[in-house]
> 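My questions will all concern the structure given below.
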Amino acid sequence: MIDFIVSNWVMRASILVLVFAIVAFGGLFLANFIAGRVATARGLRAIGETEAALTHEGLARDRRRTAWTRVIERIESSGLSLDDTRGSEIEKLLKSAGYTSPAAPRVYTLVRLVLIFALPAAFVVLSLLAGRQLSVFQLYLVCAILGLLGLYLPNVWVRLLASGRRTKIINGFPDSLDLMLVCVEAGLGLEASLDRVSREVATTHPLIAGLFSETVLLMRAGASRDDALRKLADSAGVDEIRSFTTLLIQSDKLGTSIATTLRVYASEMREARRLRAEERAHRLPVLISIPLVVFMLPTMIGVLALPAVVLTIREVFPSMAG
């Protein structure tokens, strides 16, 4: 048999091709296996780094809250109350901006009080260092304006944060609903779906992941599903999520399919997001027309009218003068 293989070139070629195929497929399989292990290791490392970053951020936030709480307790122990008459409104505004600490309203009041006196004091110190001589009226006027700015700047800042947070939640919520729909159709319950989606969107939509995680923890702590979902709506401060939680509560009470509810509402939210994008696109020509009119129109008028003005000055005016 060996002599026949050695003497026949067809058999030799076939054996060489077979050996080459075995080596090539073996190398390809080994390369794919190593690449898969490397990708898995990178994914696990990325998840570990994300969890470590979130844990570090949470610990840092807790330390900041503890420091602010100590400062507030020392100030209030001296006899100065930081409670506001509009405490519920301020608390609601701060929650919509992401400040969920119980001490957040008092910290907000403290910051406003400090800025009312800090901005005028900084202006007076800078004026003295610069050697400016200001009259009493000028000093009073500037200090009054700076005091008003110190009173309203924290409010404006918190409202901007609340608006940005609301926009991020609204833009990322349809994707989370799609993932939740996939989980529900795969056989998971509402609590398990919320937990799974919160872990999936932890890096892309951390605000929604935090809201869902808080809801899951409330359910596991013994709160009813209705109370946990209402808490989710209050924490988000977004009308779309409030409507979503209302639909879930009604579906749970009436016994309808949660998957159908999620599918319909996800479709509506995607349509609403598309309409918002179209609205912004249609608003662009109006916004662009303002700089065009302010900057380009005077230049165009000058370019078109300048030759006529030069010709008038050189020819018409001397002719009229005789």
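Positions are given from 1 along the sequence. Everything numeric in this text was worked out from a predicted model, so none of it was measured. Worth knowing before you read on, the calculation uses all heavy atoms, side chains too, and leaves out hydrogens, waters and symmetry mates.
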> Taking Arg283 first and then Glu279, would you say they form a salt bridge - that is, a charged N and a carboxylate O separated by under 4.0 Å?
no
> Write down the atom of Gly172, the atom of Ile208, and the distance for their closest heavy-atom approach.
C-CD1, 3.2 Å
> Just grab all the salt bridge (Lys or Arg N to Asp or Glu O under 4.0 Å) pairs involving residues 203-218, residues at least two apart or on different chains.
none
> Taking C-beta and beyond as the side chain, do Gln250 and Thr246 meet within less than 4.5 Å on heavy atoms?
yes
> Would you say the side chain of Leu248 lies within less than 4.5 Å of the side chain of Arg225, judging by non-hydrogen atoms?
no
> Begin with the C-alpha distance, continue with both residues' side-chain angles, and end with the deciding distance and a verdict on side-chain contact (heavy atoms from CB on, under 4.5 Å) for Ile169 and Leu211.
CA-CA 10 Å; Ile169 291 175; Leu211 293 174; 4.0 Å; yes
> Under the side-chain hydrogen bond (donor to acceptor under 3.5 Å, both in side chains) test, which residues partner Arg159, sequence neighbours left out?
Asn155
> Quick one: do Lys231 and Asp227 make a salt bridge, cutoff under 4.0 Å?
no
> Please report the shortest heavy-atom distance between Ala228 and Leu218, naming the atom on each side.
CB-CB, 4.1 Å
> Does the pair Val182 and Asp178 meet the rule for a side-chain contact (heavy atoms from CB on, under 4.5 Å), with working shown?
CA-CA 6 Å; Val182 172; Asp178 292 334; 5.7 Å; no
> Which residue pairs pass the salt bridge (Lys or Arg N to Asp or Glu O under 4.0 Å) test with at least one member in residues 286-309, sequence neighbours excluded?
none
> First locate atom CG of Leu287, then atom NE2 of His282, and finally report the distance between them rounded to the nearest 0.5 Å.
13.5 Å
> Looking at side-chain heavy atoms only, is the closest gap between Leu177 and Leu181 below 4.5 Å?
no
> Quick check on the hydrophobic clustering: are Ile170 and Leu232 connected, directly or via other members, by side-chain heavy-atom contacts under 4.5 Å?
yes
> Between Met219 and Leu262, is there shared hydrophobic-cluster membership here, with clusters defined by ILVMFWY side-chain heavy atoms closer than 4.5 Å?
yes
> Looking only at heavy atoms, what is the nearest atom pair of Ser193 and Val184, with distance?
OG-CG2, 3.5 Å
> Please report the interatomic distance CD1(Ile116) to CZ(Arg112), rounded to the nearest 0.5 Å.
7.0 Å
> Are Leu217 and Val197 connected into the same hydrophobic cluster when the rule is that any two of I, L, V, M, F, W, Y join if their side-chain heavy atoms are below 4.5 Å apart?
no
> Test Ser267 against Val264 for side-chain contact (heavy atoms from CB on, under 4.5 Å), laying out the working first.
CA-CA 5 Å; Ser267 177; Val264 172; 5.9 Å; no
> Test of understanding: clusters of I, L, V, M, F, W, Y form through side-chain heavy atoms closer than 4.5 Å, transitively. Do Leu207 and Leu179 belong to the same one?
yes
> Hey, quick one: are Ile288 and Met296 part of the same hydrophobic cluster, counting side-chain heavy atoms closer than 4.5 Å, chains of contacts allowed?
yes
> A quick test of your reading: do over 12 heavy atoms of other residues, nucleotides or ligands sit less than 6.0 Å from CD of Glu315?
no
> Do you know which two heavy atoms are closest between Leu297 and Val293, and how far apart they sit?
CB-O, 3.3 Å
> Once rounded to the nearest 0.5 Å, what's the spacing between atom CZ of Arg199 and atom CG of Leu194?
11.5 Å
> Can you tell me how far CZ of Arg220 sits from CD of Glu191, rounded to the nearest 0.5 angstrom?
5.5 Å
> Between Phe212 and Met180, is any pair of side-chain heavy atoms under 4.5 Å apart?
yes
> Nearest heavy-atom pair of Val111 and Pro154: which atoms, and what distance?
CG1-CG, 4.3 Å
> Quick one: CZ on Arg242 to CG on Leu229, what's the gap to the nearest 0.5 Å?
13.0 Å
> Between Ile249 and Arg230, is any pair of side-chain heavy atoms under 4.5 Å apart?
yes
> Using 0.5 Å steps for rounding, measure from the CG atom of Leu148 to the CG atom of Leu115.
12.5 Å
> Do you know the tightest heavy-atom contact between Thr312 and Ala308?
OG1-O, 2.7 Å
